[in-house]
Protein chains: 2
Amino acid sequence: MPTIYQVAERAGVSLSTVSRVLNGKASVNKVLKERVENAVIELNYRPNSVARSLANSRTDSIGVLVPELNAPFFGDLMQAVESTLRAADKHVIITVGRNCLETEKDAVEFLISRNCDALIMHAEALSDEYLLDINQSKLPVALVNRQIEGLPEACINLDNEKGGYLATRHLLELGHKDIAYLSGPLEKRDACMRLKGHKRALSEAGLPINSQLIFNGDYTEEDGKVGLLELMARDVPFTALVCANDWMASGAISCARDLGMSLPHDLSIVGFDDVVFAHHVFPRLTTVSNPIADMAEMSAKYILNKVYGQSNKVQLCFEPTLVVRESAVKHEG
Amino acid sequence: MPTIYQVAERAGVSLSTVSRVLNGKASVNKVLKERVENAVIELNYRPNSVARSLANSRTDSIGVLVPELNAPFFGDLMQAVESTLRAADKHVIITVGRNCLETEKDAVEFLISRNCDALIMHAEALSDEYLLDINQSKLPVALVNRQIEGLPEACINLDNEKGGYLATRHLLELGHKDIAYLSGPLEKRDACMRLKGHKRALSEAGLPINSQLIFNGDYTEEDGKVGLLELMARDVPFTALVCANDWMASGAISCARDLGMSLPHDLSIVGFDDVVFAHHVFPRLTTVSNPIADMAEMSAKYILNKVYGQSNKVQLCFEPTLVVRESAVKHEG
DNA sequence: CTGTTAGCGCATTCAT
DNA sequence: ATGAATGCGCTAACAG
């Protein structure tokens, strides 16, 4: 591995000159510049990124925290972040939070100890306070799917309320009047807003909100099953079901089928997020798109602005749209 | 950010002593050791990993190359690698190859420029030669799902032949005699071996191998559809279909349904890999499990041995097993 | 525009 | 067992 010294020697200049042409900041005599460039090629010189980091206290690496690596939703997120950042020659250190406070904290400490220049997080368990602390400790933070008071410019969010509204309105337009709802955990803002949108759609249609038709689950496939069972046990009839995410919708669908129902005719179902497998389930899932890839890309651009002096336009709030497939049909009756 | 100097000063010792207690290699006087430890706590000292890397030319980071980030299969791989490595306090830099030679090369160069201590790759397009070069250039490499002559100890593989065999034998046991096969690209070893296993099962059962019943696809969902259509156009009847992976199976399933077939009765289908969505498709997919997470974990352990002096047991070849669900049923006739 | 010099924070000789 | 000195490879003042 040749060092910058060898390049300098071969080019007959000082190492500062080499550094200058390498970084292209200061201007350098054309002739010398060419000599340096040749030397670089001849020696196949590669700057040592570690030494560079030590000298300018920037690692060109961004820490990423996601709840899981093997979920389509977060896969889309990582994909977008990675490609955006790598295009800017930054790299991504990915850690997993497992939806657990301790693990998330651990992961963040880990990223900090790696001297990341910034953090992009989909944090589930960490407190607002903790996240604020990090940010104020000079380590810029971008938050996806999270809203924090003290950090307005760094929070990239979906308009979840609108998404919930769209899902339910679609069913209303199909003629359904008795619409059940499988909610996510209400301590999470997104789950809360989605439910709120659902209720607004109901209200606008002049329909009452029956708490017997709402089940509070945990965004899991399992809770999709449990929730559907529970709702049916309550004996309040419904012809359609909105699920707060596609996992719950998938659980509800297989549960319904196990119960001998014929989908979509016996029950119309709408999901939320439009994850990859949404079109693998049968009937193909009508759902609300979540532009997570766009949001993730935006979080990366925000960091590129904030830390590396780029000036991309940033957009903080994203709009969901309805994706109509086959799991929700007209109410016959 | 306190440095090792401040710790030394506060503890009233030299920085070498601090370094010693931090790294625990050399022995240190008990009293001094305690003073140092206190100073570390009081100052909340965190060693600077960049400086450490520069001094001992190890970054404690492992580069990972996968074709995509948003696919369940590679999600499982990354998940296993990340957790194994992080438990050893190493970190993972993930890059994407997109199944494209140029991108893969680019990604690897990137990882090299980041001074990774080792590379774990699921490389699709890179040549054996190139991979060997890297390994011999002192940068240890572990290869998942790939077999290279010159690198026998670093290749973690599935017994794909056995997997193909299991899939077809299952159908034979269900009474099928006319079994079609949707293959992956035969220039890839795994696709080749899976097909080989299929043929062996056929031969063992005394059945002929009819090339009209084999379609060469590209592992994509789209090719699952195209393949099924093509096979049916050939007008050689078959009652069962083995697909070289779950994506093709999924494509074939929706295609079959679009054709008005009733599954699984009109056609039994077996997949391969058992990716997450395998139980989301309908009928739930009978498939061959691919213990990719175990393999990935093993690749990480291999690296931990090779680079960081651990001594985990390593296993190079993994066995697939049949996962029976509902997409393949008894042949009636 | 160019070269000299001094760190960046730590590990590691080498003496003691 | 401990401390002083040196270097890892590079960037960034600082002079000239």
Side-chain angles (χ1 to χ4, degrees), chain A residues 1-37 39-40 43-61 89 112-117 138-139 307-309, chain B residues 1-37 39-40 43-61 89 112-117 138-139 307-309:
Chain A
M1 276 286 130
T3 76
I4 198 171
Y5 284 94
Q6 341 238 31
V7 177
E9 186 175 344
R10 196 157 193 358
V13 298
S14 79
L15 85 172
S16 355
T17 303
V18 177
S19 178
R20 283 186 189 106
V21 345
L22 254 38
N23 295 313
K25 299 277 175 186
S27 54
V28 178
N29 180 300
K30 216 175 176 183
V31 183
L32 294 189
K33 182 171 175 177
E34 222 163 84
R35 294 221 309 260
V36 170
E37 287 166 344
V40 165
L43 294 170
N44 188 28
Y45 167 77
R46 302 298 216 158
N48 180 321
S49 61
V50 174
R52 176 176 285 180
S53 292
L54 184 59
N56 66 10
S57 60
R58 265 182 28 183
T59 57
D60 290 330
S61 68
D89 229 54
I112 294 176
S113 83
R114 290 320 201 184
N115 298 63
C116 291
D117 293 340
K138 107 217 161 193
L139 178 59
V307 182
Y308 305 106
Chain B
M1 276 288 129
T3 76
I4 199 171
Y5 284 95
Q6 341 238 28
V7 177
E9 187 176 343
R10 198 159 193 355
V13 298
S14 79
L15 84 171
S16 347
T17 303
V18 177
S19 179
R20 285 186 188 105
V21 345
L22 254 37
N23 294 315
K25 300 277 177 188
S27 56
V28 179
N29 180 299
K30 217 174 174 185
V31 183
L32 293 189
K33 183 172 175 178
E34 222 162 86
R35 292 220 312 257
V36 170
E37 287 167 344
V40 166
L43 294 170
N44 188 28
Y45 168 76
R46 302 298 217 159
N48 181 321
S49 61
V50 175
R52 176 175 286 179
S53 292
L54 184 58
N56 65 11
S57 59
R58 265 183 27 185
T59 57
D60 290 329
S61 69
D89 230 54
I112 294 176
S113 83
R114 289 320 201 188
N115 298 62
C116 291
D117 293 339
K138 103 211 164 197
L139 179 59
V307 182
Y308 304 107

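Letters A, B, ... mirror the listed sequences (proteins, then strands); counts begin at 1.
Between the axis at the start and the axis at the end of the helix from C/dC1-D/dG16 to C/dT16-D/dA1 there is an angle of 40°, using five pairs per end and rounding to 10 degrees.
Taking only side-chain nitrogens and oxygens, A/Arg52 never comes nearer than 4.0 Å to OP1 or OP2 of D/dG9. Using a 4.0 Å cut-off, some side-chain N or O of A/Tyr45 falls inside it from OP1 or OP2 of D/dC10.
Atom pair A/Asn56:CG and D/dT11:P shows a separation of 7 Å (rounding to whole Å applied). In this structure, the CG atom of A/Leu54 is 13 Å from the C1' atom of D/dA12, given to the nearest Å.
Applying the side chain to side chain donor-acceptor pair (under 3.5 Å) test to B/Ser53 and every residue at least two apart in sequence or in another chain returns nothing. Looking at residues two or more places apart in sequence or on another chain, you find no side-chain contact (heavy atoms from CB on, under 4.5 Å) involving B/Ser113. Residues forming a side chain to side chain donor-acceptor pair (under 3.5 Å) with B/Arg114 (at least two apart in sequence, or on another chain): A/His91. For A/Ser14, the side-chain contact (heavy atoms from CB on, under 4.5 Å) partners at least two apart in sequence or on another chain are A/Ser16, A/Thr17. Under the rule for a side chain to side chain donor-acceptor pair (under 3.5 Å), the partners of A/Ser19 that lie at least two apart in sequence or sit in another chain are A/Asn23. Take A/Asp60 and apply the salt bridge (Lys or Arg N to Asp or Glu O under 4.0 Å) test, not counting sequence neighbours, and it matches A/Arg58, A/Lys90. Partners of A/Ser49 according to the side chain to side chain donor-acceptor pair (under 3.5 Å) rule, which considers only residues two or more places apart in sequence or in another chain, are B/Asn115.
Residue pairs meeting the salt bridge (Lys or Arg N to Asp or Glu O under 4.0 Å) criterion with at least one member in residues 7-33 of chain B, sequence neighbours excluded: B/Arg10-B/Glu42.
The shortest side-chain heavy-atom distance between B/Arg52 and B/Asn56 falls under the 4.5 Å cut-off.
For the atom pair CD1 of A/Ile4 and CG of A/Asn48, the computed distance is 10.5 Å after rounding to the nearest 0.5 Å. The OH atom of A/Tyr45 lies 5.5 Å from the CG atom of A/Leu22; values are rounded to the nearest 0.5 Å. The CE atom of B/Met1 sits 5.0 Å away from atom NZ of A/Lys138, with the distance rounded to the nearest 0.5 Å.
None of A/Thr3, A/Val28, A/Val36 except one satisfies the side-chain contact (heavy atoms from CB on, under 4.5 Å) rule with A/Val18; the exception is A/Val36.
A heavy atom lying under 4.0 Å from DNA chain C marks the following residues of residues 8-23 of chain B, by number: B/Ser16, B/Ser19, B/Arg20, B/Asn23. Residues from residues 24-35 of chain A with heavy atoms under 4.0 angstrom of DNA chain C, sorted by number: A/Ser27, A/Val28, A/Asn29, A/Leu32.
Once you apply a 4.0 Å limit to the heavy atoms of chain A, the touched nucleotides of DNA chain C run 5' to 3' over C/dC1 to C/dG9.
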